[in-house]
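First up is the structure itself, then whatever we jot down about it.
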Amino acid sequence: MSLLEELNEVQREAVEHTEGPSMIIAGAGSGKTRVLTYKIAHLMAKGVDPFQIMALTFTNKAAREMRSRIETIVNSTEARNVWMGTFHSIFARILRMEADKLAYPANFTIYDSDDSKSLIRKIVKEQQLDDKLYKPSNVLSRISSAKNNLISYVDYNNNAELMQVDKENARGKIGLIYSLYQQRLRKAFAMDFDDLLFNTNVLLRDNPDVLIKYQRRFQYFLVDEYQDTNYSQYLIVKRLAAQTENLTVVGDDAQSIYAFRGANIQNILNMNKDYPDLRTFKLEQNYRSTQNIVGVANAIIKNNKKQIDKTIWTSNIEGDKIRLSSTLSDNEEGNMVARTIFGIKHEEHAGDSDFAILYRTNAQSRALEEALRRMNIPYRIYGGLSFYGRKEIKDILAYLRLVVNPRDEESLLRVINYPKRGIGQTTIDKLKVQANQQGLSLWEYMETMAANSSIARSTGMRIVEFVNMIKSFQLSLNTKNAYELADAIIKASGIFTLLYQAKNEDEGVMRFENMEELLAGIKEFSETENDEEGASSLRTLDEFMQDVALQTDADTDNKEEEEKVTLMTIHASKGLEFPYVFIVGLEENLFPSLMALNSRTELEEERRLFYVALTRGEKKVFLSYSGSRYKWGKLQYSEPSRFLSELDPKYIDDQTAEMLLFNNSPKSTAGVVSKKPLSNSRLKMKSKTTTEQQNTKKTPSNLTKASEIGRGASNDQSHSIQAGMEVFHDRFGRGKVVVIEGEGENRKATVDFNNSGTKTLLLRFAKLRILKQ
DNA sequence: GTATTATCTAAGTCT
DNA sequence: TAGATAATAC
């Protein structure tokens, strides 16, 4: 079979092993997508009905891409019949079909985490709990991890251990909040993200007929990024695949970066316990990156204790070394990255889309954006405040959601007085109380008001008007297509006028355009044919809304926007590759994150994250850190990441010292960069001791805190250094001071180093130690 | 009930 | 810094 010829031996074996359980341990860049794609193609070529194949991918976009590649390979559009997508989207689809078994309507709403948090905030308020103790995000993550481990709210409240832990943390009411939260979700006909998986498990557990139906329907299961599945996902797969055990999982323990949302690496490690017949394939040849990149990444990941034994190698060229640079501020870091991109574009004829800038946190994107804009380099940011996260989009979507499911209370409250229609907080509070007394949802109560014409108060009239408006939209749900209805909603609700008028304000134009973009998206949806039901079927708003909650930035295709530099978090870059990769902000407390320093497991996850970042690069990887950075509006000084000292110097082109001087403009008073050598760890220890000596009584907790302004800037010895002295520099070694210039902050020394030549160093950075006066 | 102003507070990664 | 909420004035 010709399609197999394009695979290496292990890849081919993995593809040809179609019956029974198999696990593919796929190192970074080893062609796992290729194997998955070919395996599905191979199954189809063997005559397996594509309707019997379920493939769970990490993003919906990945699924789409895989699908079109399969279509090319097998030269047929049959691949569209493979069920392919993320866990959340595939099982949301199944839940909608089987909703009645769970006493939900098929058009239930999916609450995103903002909805979830706002609901929790309300519950905390209603229960008159301390909102300092019960922060929505904390409570939600507690609930979320319970759900991911299939602990229902009833189980939770009956679980002595969990209750004890909460009590000890002075958060004994989390069980109660969980219960109320679930009840409110149900009342709103809503599920949160975790419910999609939780309820799928409930569905398959409590309805043997349904389970059997899907076990028969799907004969082959393929799961990508298996290292990032949680218990809930694991059990769904296990249940569905129990009949045929034709299960292929692909993953790499070294790239597990989602433990924070319940991903359980044990799912990979325990595969052979669950499936004694398991065949394991190891893909160890990296086809993506240069030897230098593979080498540096391997050296990094070696610092983690727990991992599956494997050796990633490549026959690619050696390539350039990984360049490490430092700057004084985050803005300069941005400038440096932009300048480098500009240079490479011209020298190496690279396109903008060949570059990616990866960072640990979304907040870091701003300085980079500004720098790219200054250099006229087109870019696109993925994640962060994504399109669907913008206020104007959420407002519109809230209307659309409300029309599809009027019991969706989050949406109702969002738009009941937007645009302003004279229904204020006091009215809403009254409505809530009355609805509660009658045991009705807010919407149901408002409906009875509409039917009951005896209400004459002007506010009552406004409520009736609002209810009637929503109801009139509902009447068109099945007669108008999604676009026609959405357009009508925007106009009739007053949103269009409001945003049109706001066009004069600074942000207004953007908002209006965003609204237009959303409408264009809905229009496109309305005009595409429905795969399953043929061209005659109307594409309704109902249908459109089903996908929206699970749409992410990574899923949106950007046809005309191809040629742009990509900015994203490392998490979002998983599975992607770029010729040139910049990893920025390699600083303590940022990467690794401050919050990950408490435990080895968390720190190891950060290290895997670094590994993922490094292995995105094909040709060149650039690392950088900055001596200072704006965080929450304040300037904070930062120290180089501990990961830098783990870099094997033989792969590194260290430019940090040069950068320090290069960036030293008299104006810039920002920043303290403590130079740390990467060449050997003993030296590193030494430098640390000197730092500690300077700050008398530096407690461990101080060490982990971001240094405050003004602290650490002092260097006792730097003031006493004079020309003629013999000094020691951590990286350049011994040398003799030739001359001292400048005052205070800008005091610098020209030093003739024994082995490194003559350098001019800013004393406040250089951390010179005096050897001989 | 609403508009304006003051104050608070968040602070990580994602479906 | 910026978004959300609380307090205040109208």
Side-chain angles (χ1 to χ4, degrees), chain A residues 56-60 85-92 110-118 121 125 131-132 135-138 140-141 144 147-148 191-198 225 228-230 232-233 256-263 330 358-367 382-386 388-391 417-430 457-459 462 507 547-555 568-574 585 589-597 602 605-606 608-610 612-613 629-636 705-706:
Chain A
L56 296 159
T57 57
F58 193 67
T59 62
N60 289 311
T86 60
F87 271 91
H88 288 86
S89 62
I90 294 269
F91 294 111
I110 298 170
Y111 272 10
D112 65 21
S113 27
D114 283 344
D115 297 321
S116 299
K117 281 182 208 153
S118 118
R121 197 173 292 119
K125 211 174 257 177
D131 57 1
K132 298 249 165 24
K135 292 187 178 160
S137 50
N138 291 344
L140 181 60
S141 82
S144 171
K147 285 185 184 173
N148 287 331
M191 294 190 197
D192 68 12
F193 287 135
D194 304 312
D195 283 337
L196 296 175
L197 306 173
F198 185 96
E225 307 284 6
D228 284 325
T229 52
N230 59 38
S232 187
Q233 292 166 319
S256 162
I257 53 174
Y258 280 101
F260 71 91
R261 68 174 206 217
D330 46 358
L358 308 180
Y359 36 76
R360 180 63 181 79
T361 68
N362 283 304
Q364 289 166 254
S365 70
R366 180 183 287 192
Y382 290 80
L385 226 204
S386 72
Y388 291 102
R390 303 208 172 119
K391 184 189 174 302
N417 198 30
Y418 174 86
K420 294 258 147 58
R421 52 174 68 85
I423 306 176
Q425 199 53 51
T426 350
T427 312
I428 294 171
D429 289 344
K430 277 185 206 156
R457 301 199 334 264
S458 58
T459 349
R462 294 191 196 113
E507 297 282 301
D547 291 337
V548 165
L550 300 173
Q551 281 290 327
T552 65
D553 260 17
D555 290 329
M568 54 170 57
T569 62
I570 300 166
H571 281 93
S573 76
K574 189 166 81 157
N589 303 332
L590 179 62
F591 192 14
S593 158
L594 173 63
M595 291 149 176
L597 300 178
E602 281 184 277
E605 177 147 316
E606 296 283 309
R608 289 194 295 270
L609 200 52
F610 188 31
V612 168
R629 184 175 295 281
Y630 274 94
K631 279 181 191 167
W632 324 300
K634 272 190 192 154
L635 187 67
Q636 303 256 292
K705 241 189 241 164

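No hydrogens or angles were tested; on distance alone, a donor-acceptor pair under 3.5 Å links the side chain of A/Glu606 to the base of B/dG12.
In this structure, A/Asn60 atom CG and B/dC14 atom P are separated by 16 Å, rounded to whole Å. Between the OH atom of A/Tyr630 and the P atom of C/dA2 there is a distance of 13 Å, rounded to whole Å. Residue A/Arg390 contributes atom CZ, which lies 15 Å from atom P of C/dA2 at whole-angstrom precision. Regarding A/His571, its NE2 atom lies at a distance of 7 Å from the P atom of B/dC14, rounded to whole Å. B/dG12 atom P lies 9 Å from atom CG of A/Leu594, rounded to whole Å. Here the P atom of nucleotide B/dT15 and the CE atom of A/Met568 are 11 Å apart, to the nearest Å. The interatomic distance linking A/Leu140 (CG) with B/dC14 (P) rounds to 15 Å, in whole Å. Between A/Lys125 atom NZ and C/dA4 atom P there is a gap of 13 Å when expressed in whole angstrom units.
Between A/Asn148 and B/dT15, a side-chain N or O to OP1/OP2 separation shorter than 4.0 Å is absent. In this model, the phosphate group of B/dG12 is not approached by any side-chain N or O of A/Asn362 to a distance below 4.0 Å at OP1 or OP2.
Counting any heavy atom pair closer than 4.0 Å across all strands shown, A/Asp228 reaches no nucleic acid atom. As judged by a 4.0 angstrom heavy-atom cut-off over every strand, A/Ser593 is placed among the base-contacting residues. Within 4.0 Å (heavy atoms only), A/Arg608 reaches no atom of the nucleic acid at all.
Summary of the strand contacts: A/Thr569 and A/Gly424 both lie near DNA chain B, and taking for each the nucleotide with the nearest heavy atom, the more 5' one is attributed to A/Gly424. If you find the closest nucleotide of DNA chain B to A/Asn417 and to A/Arg261, the one lying nearer the 5' end belongs to A/Asn417.
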Can you tabulate the close N/O pairs, meaning under 3.5 Å, that link protein atoms to atoms of nucleotides 5-11 of chain B?
| unit_1 | atom_1 | unit_2 | atom_2 | d |
| --- | --- | --- | --- | --- |
| B/dT9 | OP1 | A/Lys132 | NZ | 3.2 |
| B/dA11 | N3 | A/Trp632 | NE1 | 2.5 |

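When each of B/dC14, B/dG12, B/dT15 is scored by its nearest atom to the side-chain atoms of A/Tyr258, the top-ranked nucleotide is B/dC14. Each of B/dC14, B/dT15, C/dT1 was ranked by its minimum atom distance to the side chain of A/Ser113; first place goes to B/dT15. Here the side chain of A/Arg121 is nearest to one of B/dT15, B/dT13, C/dT5, namely C/dT5. Taking every side-chain heavy atom of A/Lys420 into account, B/dT2 is the closest of B/dT15, B/dT2, C/dA6. Listed nucleotides: B/dG12, B/dT13, B/dT15. Nearest to the side chain of A/Ala596: B/dG12.
Among residues two or more places apart in sequence or in another chain, the side chain to side chain donor-acceptor pair (under 3.5 Å) test is passed with A/Ser141 by none. Residues forming a salt bridge (charged side-chain N to carboxylate O under 4.0 Å, His left out) with A/Glu605 (at least two apart in sequence, or on another chain): A/Arg608.
Going from atom CZ of A/Arg261 over to atom CG of A/Asp228 covers 7.0 Å, rounded to the nearest 0.5 Å. To the nearest 0.5 angstrom, A/Leu56 atom CG is 10.0 Å from A/Thr229 atom OG1.
When the shell of 6.0 Å around OH of A/Tyr418 is examined, it contains more than 12 heavy atoms from other residues, nucleotides or ligands.
Taking a centre distance below 5.5 Å and an interplanar angle below 30 degrees as the stacking criterion, A/Phe260 stacks against the six-membered base ring of B/dT13.
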Check step by step if side chain to side chain contact (heavy atoms under 4.5 Å, CB included) holds for A/Ile257 and A/Ile570.
CA-CA 10 Å; A/Ile257 53 174; A/Ile570 300 166; 5.6 Å; no
Go through the steps for A/Phe260 and A/His571 under the test side chain to side chain contact (heavy atoms under 4.5 Å, CB included), then give the verdict.
CA-CA 12 Å; A/Phe260 71 91; A/His571 281 93; 3.7 Å; yes
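Residues A/Lys147 and A/Ser232 have side chains not in contact (no heavy-atom distance under 4.5 Å, counting atoms from C-beta outward).
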